[in-house]
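Chain letters run A, B, ... following the sequence lines, proteins first and then strands; every chain starts at 1. Source: prediction; values computed, not measured.
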Amino acid sequence: MKPYQKFDLLSRERMDSYLGKRGIKGSYRAYRPQKGYGDITFDFQREAVTLDPAEIEALSDRYLTFSAYGKFVNVRYSTHEFSRAVLESALSGELFDFGRRREKILVEHTSANPTGPLHIGRVRNSIIGDTLARMLSRYGYHVTTEYYVNDIGTQVEALLLGTELFGTDNYTESYRKIYENFDTYKAKVEEYMVRAESGDDEFLNSSRKRLEKFLEDVLIDLRRLSIRFDLFVWESEFILNGSVKSIIDKLSPLIRDDNGAKYIESGSEKMYLVRSNGTTVYFTRDIAHHLKKSLEYDDSITVLGEDHKSYFKKLEYAMDVLGVHNVRALFYSYISTKEGKMSTRRGNVVYVRDFIDEAVERAREEILKRRTDLGENEIEEISNKIGTAAVRYHIIKYSPDKPVTFDWKEALNFDGDAAPFVMYSYARAKSILSKVSQESEIVWKFNDAEGALLKQISLYPEVLEDAVVHSRPDKLARFSYDLASSFNQFYRDCPVLDSGDDTQRRIEIVRTFTKTMEELFQMLGIQASDKI
RNA sequence: GGGCUUGUGGUGUAGUCUGGAUAGCACAGGAGCCUCCGGAGCUCCUGAUUCGGGUUCAAAUCCCGACAAGCCCGCCA
């Protein structure tokens with residue numbers, strides 16, 4: 001049992017047995033109190049009971065210290081015993097063991113139409129999705145990541161037509177030109193759509209080949225952020241394998257007709273499946289897509305911008321009709337700039353590649369300021385690690401449903417709650433470990449500063465669980481900051497090397513810290529650096 | 001018009017799901033700390049729950065209503 005679990009249980013048993021013996025009826029709520037009140041609180045506020053402080057205190061022993069204030073019972077875990085439990089748990093590997101789960105989970109993220117390089121609004125999707133996938137995987141699930149590539153539909157056909165007419169060099173511009181005069185090209189776009197929908201192999205293959213090139217532009221940026229996909233699912237698959245047709249058949253009892261177009265209805269909401277020209281809409285193909293997910297995975301999460309909320313509600317309605325309940329979405333709010341919503345026309349789009357470049361450059365400047373002992377290659381490597389980590393961290397650290405206003409100054413501020421701080425504390429720890437010359441026996445005796453760091457470390461399992469249960473990858477970033485901060489305090493108070501009896505124990509504490517940090521870095525997609 | 005989301009110090013945020021004690025953190029501002037393993041660090045100070053009702057012994061947290069910001073309501077994706 002992990003340290004907090006073990007001590008929580010011990011406290012609870014002690015409390016329950018006391019209540020039983022005294023015949024006190026009344027339930028308590030147990031939670032971790034705010035700082036200063038100990039490690040666990042039994043809250044009797046709702047109950048009409050009186051607790052005798054002296055009797056409560058008498059429940060204490062060398063592991064637990066009980067105290068009562070009114071209807072609060074606070075329990076403090078012995079620094080020495082708890083620290084020992086944490087360090088032992090870490091050394092045995094138990095602290096980092098979350099077991100394996102049978103469930104297969106699909107995480108779909110990014111899935112942007114490849115009409116141009118990613119901007120920071122879209123990359124929030126990628127970073128949330130990738131971090132989510134990493135933490136679910138660490139927690140023991142069997143995770144697959146998916147990029148759903150649209151190779152059918154109005155936007156895609158417009159992109160393809162645009163590049164045919166105006167060239168592929170600046171494909172974003174070519175795409176835009178179609179939309180500038182959409183009426184002119186509407187017939188041609190529609191013709192392409194019909195061809196695609198008819199399952200025209202030659203046409204679809206050629207579409208796909210060209211789209212792959214544009215998609216590569218998106219994937220290049222993502223790779224710099226250590227984001228890769230297990231799976232690319234092409235939308236046309238659902239036309240070709242007939243599943244769109246079978247969806248429409250399955251829904252047919254509910255389908256109504258509107259001049260040849262087909263829709264289903266829930267309340268006053270109409271959900272169109274088929275246009276009057278016979279082609280299906282994105283929605284219909286997405287139903288087929290999600291049906292496939294539901295069959296192949298136990299659970300599936302799609303990362304979507306908040307603008308898709310009502311869309312997804314409709315999709316859920318359709319899935320519900322089909323008896324599918326294991327698909328869900330994780331929504332995030334937009335990133336805007338101070339000038340408002342990002343818009344190419346207004347020239348306030350921030351591309352991820354620019355953000356990464358700036359962050360790497362900033363990291364490089366900082367390194368040059370403080371280090372003269374590194375070679376050019378090393379500087380390059382470290383600035384890349386720091387810069388890309390800073391980008392990921394800055395985007396993941398906000399709660400997904402919090403709207404973010406992007407500000408260059410803030411985004412490139414490496415002081416405080418930012419990746420360099422966290423990476424710095426890790427580098428300090430590694431630096432100590434690199435100087436360890438000999439090992440000896442651990443002397444089991446902990447002081448408060450050691451206890452504080454170990455206690456922070458011991459929160460890791462419950463933080464991860466909380467993040468997983470609530471789909472909140474931002475919590476890992478926050479925890480990594482708190483942990484780094486705890487380490488910096490420990491670093492100030494506790495010399496490690498050449499500290500006599502304390503040395504080996506502190507070395508192990510530092511090792512445990514770096515191990516925990518590495519876990520967090522792994523999930524946050526940060527490449528650790530021993531030197532920064 | 002209907003629906004969804006957000007509102008916490010000067011700024012950016014955590015806590016809100018599951019009500020409880022002194023609302024945590026960062027930036028900015030002020031004051032300190034290098035005879036010691038890396039000062040991108042550490043310590044201290046200043047300063048906040050949008051407004052109005054309600055529920056409750058107790059509300060940042062739950063309910064209702066305003067107000068403000070964003071998003072959605074297409075035979076687009």
Is it the case that more than 12 heavy atoms not belonging to A:Asp257 sit under 6.0 Å from its CG atom?
-> yes
Which whole number of Å gives the distance between the C1' atom of B:rA23 and that of B:rG15?
-> 8 Å
With rounding to whole Å, what would you report as the distance between B:rC75 and B:rG12 at their P atoms?
-> 39 Å
Taking the six-membered ring for Trp, are A:Tyr426 and A:Phe521 ring centroids under 6.0 Å apart?
-> yes
Using a cut-off of strictly less than 4.0 Å, decide whether [X] has a side-chain nitrogen or oxygen near OP1 or OP2 of [N].
| X | N | value |
| --- | --- | --- |
| A:Arg275 | B:rA77 | yes |
| A:Arg46 | B:rG19 | yes |
| A:Gln45 | B:rG19 | no |
| A:Lys409 | B:rC27 | no |
| A:Arg428 | B:rC42 | no |
| A:Asn150 | B:rA77 | no |

Starting at the 5' end of RNA chain B and moving along, which residue's nearest nucleotide shows up first, A:Ala427 or A:Glu410?
-> A:Glu410
Map A:Asp530 and A:Lys270 onto RNA chain B by nearest heavy atom, then report which one ends up closer to the 5' terminus.
-> A:Asp530
Of B:rC37, B:rC25, B:rU6, the nucleotide closest to the side chain of A:Ile432 is B:rC37
Classify the glycosidic conformation of B:rC34 as syn or anti, calling it syn when the angle lies within 90° of 0.
-> syn
How is [X] classified with respect to the nucleic acid when contacts are heavy atoms under 4.0 Å: base, sugar-phosphate, or nothing?
| X | value |
| --- | --- |
| A:Ala418 | nothing |
| A:Ile367 | base |
| A:Phe283 | nothing |

Does a distance-only test, which skips hydrogens and angles, find a donor-acceptor pair under 3.5 Å between the side chain of A:Ser310 and the base of B:rC73?
-> no
Looking at B:rG39, does its base get a donor-acceptor pair with the side chain of A:Arg370 below 3.5 Å?
-> no
Side-chain donor or acceptor of A:Gln504 paired with backbone N/O of A:Ser440 under 3.5 Å = yes
Output yes when a side-chain donor or acceptor of A:Arg362 lies under 3.5 Å from a complementary backbone atom of A:Leu412, and no otherwise.
-> yes
Please say which of A:Asp39, A:Thr65, A:Thr41 ends up in a side chain to side chain donor-acceptor pair (under 3.5 Å) with A:Asn74.
-> A:Thr41
